[in-house]
Amino acid sequence: MRSRSSVSAMSDLKANVPGGDDPVEIEWQFDALDLRPVERWLATLPTLAIETRDGGTVTALARPPRRLVDSYVDCDDWRIARAGFVVRTRRRGRQDAVTLKDSRPAEGSGLRQRLEVTEVLPPSGLAGLGGDGPVGRRLRAIIGSRRLREVLQVRTRRRPFALRVGGVDVAEIALDDTMIVVGTGQHPMRLRRVEVEVHPKWLDALEPIVEQLRTSCGLQPALLSKFEAGLLALGEEIPGMPDLGPTDVSAESTMGDLAFAVLRRQLAVVRAKEPGTRLGEDPEELHDMRVATRRLRAALSMFEAVLPVRAQAFREELGWLARLLGTVRDLDVQLEGLAGLSSAEVHTTPDGHDPLVELAALLERERDAARTDMLNGLDSVRWDRLAKGLTAMAQQGPARRSLATRVPAEIGLPELVLRRHHKVRKAAKRAKDSGVVTDFHALRIRCKRLRYALEFSSDVYGGKTSRFVRELAVLQDELGEMQDAEVASLQLADLATGDAHLPAATVFMMGGVTEQHRRRVRQLLKRLPDDLPRTQGRAWRELRDLMERRRDEAEAARPPARATLRAVPQPPHENENQPVPAAHPALAPGLTSLASGLTSLTPAPQSGQGE
């Protein structure tokens, strides 16, 4: 993955990420007022005869000192730092390298365990970094086409010592005298650090030695990395998520309060999960972003009456984003299912080809293409405009002059929930009568919308929607499993008959996997009708009664609307003694009735009231 020339002399100390090939840096970092006590401690280390748990004696071997110049880079919007990473270039002799680390915080003891990957920097610099290496691939996924700039420069004089046990290097102790460039005409910030990087297999064995080093030399755990300390010295602060507004919901909330609280919560999840979705190393990040996008669309639909008109345009645009995310997610699910198949179940062809490996490679290529489309979408002006528009709407909040936004949620919610439940019942009857997959898929969508509506309403009813939500979740999970199996079978059939030119053995195996998915669909079609009564059982009836009772109580508690009628002033007559003209005979009965009605009303005050 990385050439030895591109990494430090202690690259062998790096562990691998579980399930992957990327190394993890494991090191203690300590702050020191003076590095000389550490040098003296290291000089006496052989005479201390410290025995490790493996029975070896630890010795220290001085390495040649080095001068390091590190430049930390990021985008103008601090996209890398907000994604939880730090990227630096390091000048060492004739060769430059670029390193990416995650910014996982240190433990109380100063121990850090974090991802660290490095590549040789091409002559053209970061702009020429390809997308195939461990740094370039991640960097391009995070920043897209955005430009990088130097945000911090750190210069270090390092004196390294190798710790050996039985002639094997098991750790490195680095004594760093560091200067952080603050600005023109200002004194640089100085740090004295002791860093102990250890091989993962020796972590437990060397921990007592590191603790003795700390106590003997008066070292303190460094809770800030050099990058974090440098930003502090510069007075820079990594911006967090924008404040979208309040998200508290209670029984006293209005429909406007509830609608915008739900929007803000889901939008915050979408924005928080975007960096992990871009990176693509944890499928759950994309899954969470996709679910939040679905919930956001459901909220825009459910609260349409109390949201600005432009909210529905945002809903359509979120459908575009959901399709990009959904294509990648479907392939993730297929790859996960394929990984569950045993290689023993698949016969290797006479020429040594493993059909399972061939199919996995095909799905990986499809996923890479889908991820490219997704990243292009997330890098587009379209997504930038959508994200800014949703943020502005969430921050604006409900319109003050809208009567619909001021309706108590306990009064407005039951109708919305009952309407969605009615659609679920109709879809359930249709699916049970037809037994067709597409009808069960339509039922799944309606169950999902009802479930979201109840989850949005949970705080209004003190969490008492949860029992029926659990009933819906059981049904929805089975419907979702059937949909996944149906989608997988259709995709595999398309791939097998497409232009991939797959070996016959692979196509044969794809047919077998497709048949497994279809068999699972048939099993679920047979079982699902027995679960449909969950949609109208006791849990639903109790929840419905609660919502209707709370609505009636809230309506009874509302102050009565005051209907007032103002007296219309008459223009003065030039001659007050002039008789008023008689009304037309056809209007007389109506005027008489109106006059009697007016005398029964109390005249409204002539001042102190708005129009």
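Residues take their numbers from the sequence shown, with the count starting at 1. Since we're looking at a predicted model, the values are computed, not measured.
If you take CG on D288 and NZ on K273, they are separated by 4.5 Å, rounding to the nearest 0.5 Å. The distance from atom OG1 of T254 to atom CD1 of I411, rounded to the nearest 0.5 Å, is 11.0 Å. Note that CZ of R82 and CZ of R79 are 6.0 Å apart. Values are rounded to the nearest 0.5 Å. For the atom pair CG (L321) and CZ (R294), the distance works out to 12.0 Å, reported to the nearest 0.5 Å. Annotation: the span from L300 atom CG to F314 atom CZ amounts to 9.0 Å, rounded to 0.5 Å. Rounded to the nearest 0.5 angstrom, L331 CG and L363 CG are separated by 6.5 Å.
In terms of the salt bridge (Lys or Arg N to Asp or Glu O under 4.0 Å) criterion, residue partners of R451 (sequence neighbours excluded) are, by chain and number, E455. With sequence neighbours left out, the salt bridge (Lys or Arg N to Asp or Glu O under 4.0 Å) criterion links E366 to no other residue. Partners of D384 according to the side chain to side chain donor-acceptor pair (under 3.5 Å) rule, which considers only residues two or more places apart in sequence or in another chain, are K388. Considering only residues two or more places apart in sequence or on other chains, E211 meets the salt bridge (Lys or Arg N to Asp or Glu O under 4.0 Å) condition with R214. For R401, the salt bridge (Lys or Arg N to Asp or Glu O under 4.0 Å) criterion is met by no residue, not counting sequence neighbours. In this view, R149 and D76, W78, V151 satisfy the side chain to side chain contact (heavy atoms under 4.5 Å, CB included) rule, not counting sequence neighbours. Contacts of E284 classified as side chain to side chain donor-acceptor pair (under 3.5 Å), with partners at least two apart in sequence or in another chain: none.
L454 has its side chain within reach of L472: a pair of non-hydrogen atoms, C-beta onward, lies under 4.5 Å apart. When side chains are defined from C-beta on, R155 does not count as touching T178, because their heavy atoms never get closer than 4.5 Å. For the pair Y72 and I80, the minimum side-chain heavy-atom distance is 4.5 Å or more. Considering only heavy atoms from C-beta on, P188 stays 4.5 Å or farther from V181 through its side chain. Here the side chains of K448 and Q476 are in contact, with some heavy-atom distance below 4.5 Å. The closest side-chain heavy-atom distance from E195 to L175 is not below 4.5 Å. Proximity of I26 to L111: side-chain heavy atoms (C-beta onward) are separated by under 4.5 Å at one or more points. Taking 4.5 Å as the limit, some side-chain heavy atom of L258 sits within range of a side-chain heavy atom of L413.
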Next item on the list: Given side-chain contact (heavy atoms from CB on, under 4.5 Å), test R278 with L378 step by step and report yes or no.
Entry: CA-CA 8 Å; R278 286 175 169 274; L378 292 176; 3.5 Å; yes

Item checked: Working for side chain to side chain donor-acceptor pair (under 3.5 Å), residues E150 and S71 -> CA-CA 6 Å; E150 182 182 83; S71 294; 2.8 Å; yes

Next item on the list: Under the side-chain contact (heavy atoms from CB on, under 4.5 Å) rule, what do L213 and I173 come out as? Steps first, then yes or no, please.
Entry: CA-CA 10 Å; L213 165 66; I173 298 180; 4.2 Å; yes

Item checked: Candidate pair L543 and M547, rule side-chain contact (heavy atoms from CB on, under 4.5 Å), full reasoning -> CA-CA 6 Å; L543 176 59; M547 297 178 73; 4.1 Å; yes

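Side-chain N or O atoms of S466 include one that pairs as donor or acceptor with a backbone N or O of G463 at under 3.5 Å. At least one donor-acceptor pair closer than 3.5 Å links the side chain of T405 to the backbone N or O of A399. Of the possible donor and acceptor atoms, one in the side chain of S225 sits under 3.5 Å from a partner among the backbone N and O of E228. The main-chain N or O of D243 is found under 3.5 Å from a side-chain atom of Q395 such that the two form a donor-acceptor pair.
Paired with D379 under the rule side chain to side chain contact (heavy atoms under 4.5 Å, CB included), one option of R140, M374, R146 passes, and it is R146. Here the rule is side chain to side chain donor-acceptor pair (under 3.5 Å) with R112, and of E27, E197, Q29 only Q29 fits it. Partner P283 forms a side chain to side chain contact (heavy atoms under 4.5 Å, CB included) with one of T277, D332, L335 and no other, that one being D332. Between D176 and the options R158, R193, R159, R67, a salt bridge (charged side-chain N to carboxylate O under 4.0 Å, His left out) holds for only R158.
The two atoms that bring S103 and V86 nearest to each other are CB-CG2, 4.4 Å, heavy atoms only. The two residues F260 and M393 make their nearest non-hydrogen contact at CE2-O, 3.2 Å. Across all non-hydrogen atoms, the minimal contact from V270 to A292 is CG2-CB, 3.6 Å. Between A261 and V249, the shortest heavy-atom distance links the atoms CB-CG2, 3.5 Å. The minimum heavy-atom distance linking R295 with F456 is given by the pair O-CZ, 3.5 Å. What you find for R138 and L115 is that their closest heavy atoms are NE-CD2, 4.0 Å.
A salt bridge does not link R114 to D102: none of the charged side-chain nitrogens sits closer than 4.0 Å to a carboxylate oxygen. For R551 and E410, the salt-bridge test fails: no basic side-chain N is under 4.0 Å from an acidic carboxylate O. Looking at E471 and R467, no side-chain N of the basic residue comes within less than 4.0 Å of a carboxylate O on the acidic one, giving no salt bridge. A salt bridge is absent between D177 and R157: the closest approach of a Lys/Arg side-chain nitrogen to an acidic carboxylate oxygen does not fall below 4.0 angstrom.
Listed by first then second residue, pairs satisfying salt bridge (Lys or Arg N to Asp or Glu O under 4.0 Å) with a partner in residues 302-330 read E317-R382, not counting sequence neighbours. The ring pair (Phe, Tyr, Trp, His ring centres under 6.0 Å) contacts involving residues 270-309 comprise nothing, where partners must be two or more places apart or lie in separate chains. Residue pairs satisfying the salt bridge (Lys or Arg N to Asp or Glu O under 4.0 Å) criterion with at least one member in residues 245-257, sequence neighbours excluded, are absent.
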Just list the side-chain donor-acceptor pairs under 3.5 Å for residues 262-269, sequence neighbours left out, or say none.
unit_1	atom_1	unit_2	atom_2	d
R264	NE	L244	O	2.9
R264	NE	A394	O	2.9
R264	NH1	P246	O	2.8
R264	NH2	A394	O	2.9
R265	NE	T247	O	3.2
R265	NH1	D459	OD2	3.4
R265	NH2	T247	O	2.7
R265	NH2	D459	OD2	3.0

Only pairs under 3.5 Å count here: list side-chain donor-acceptor contacts from residues 229-236, not counting sequence neighbours, and write none if there are none.
none

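Counted by atom type alone, T99 and T118 present one or more donor-acceptor pairs between their side chains at under 3.5 Å. Counted by atom type alone, E481 and Q483 present zero donor-acceptor pairs between their side chains at under 3.5 Å.
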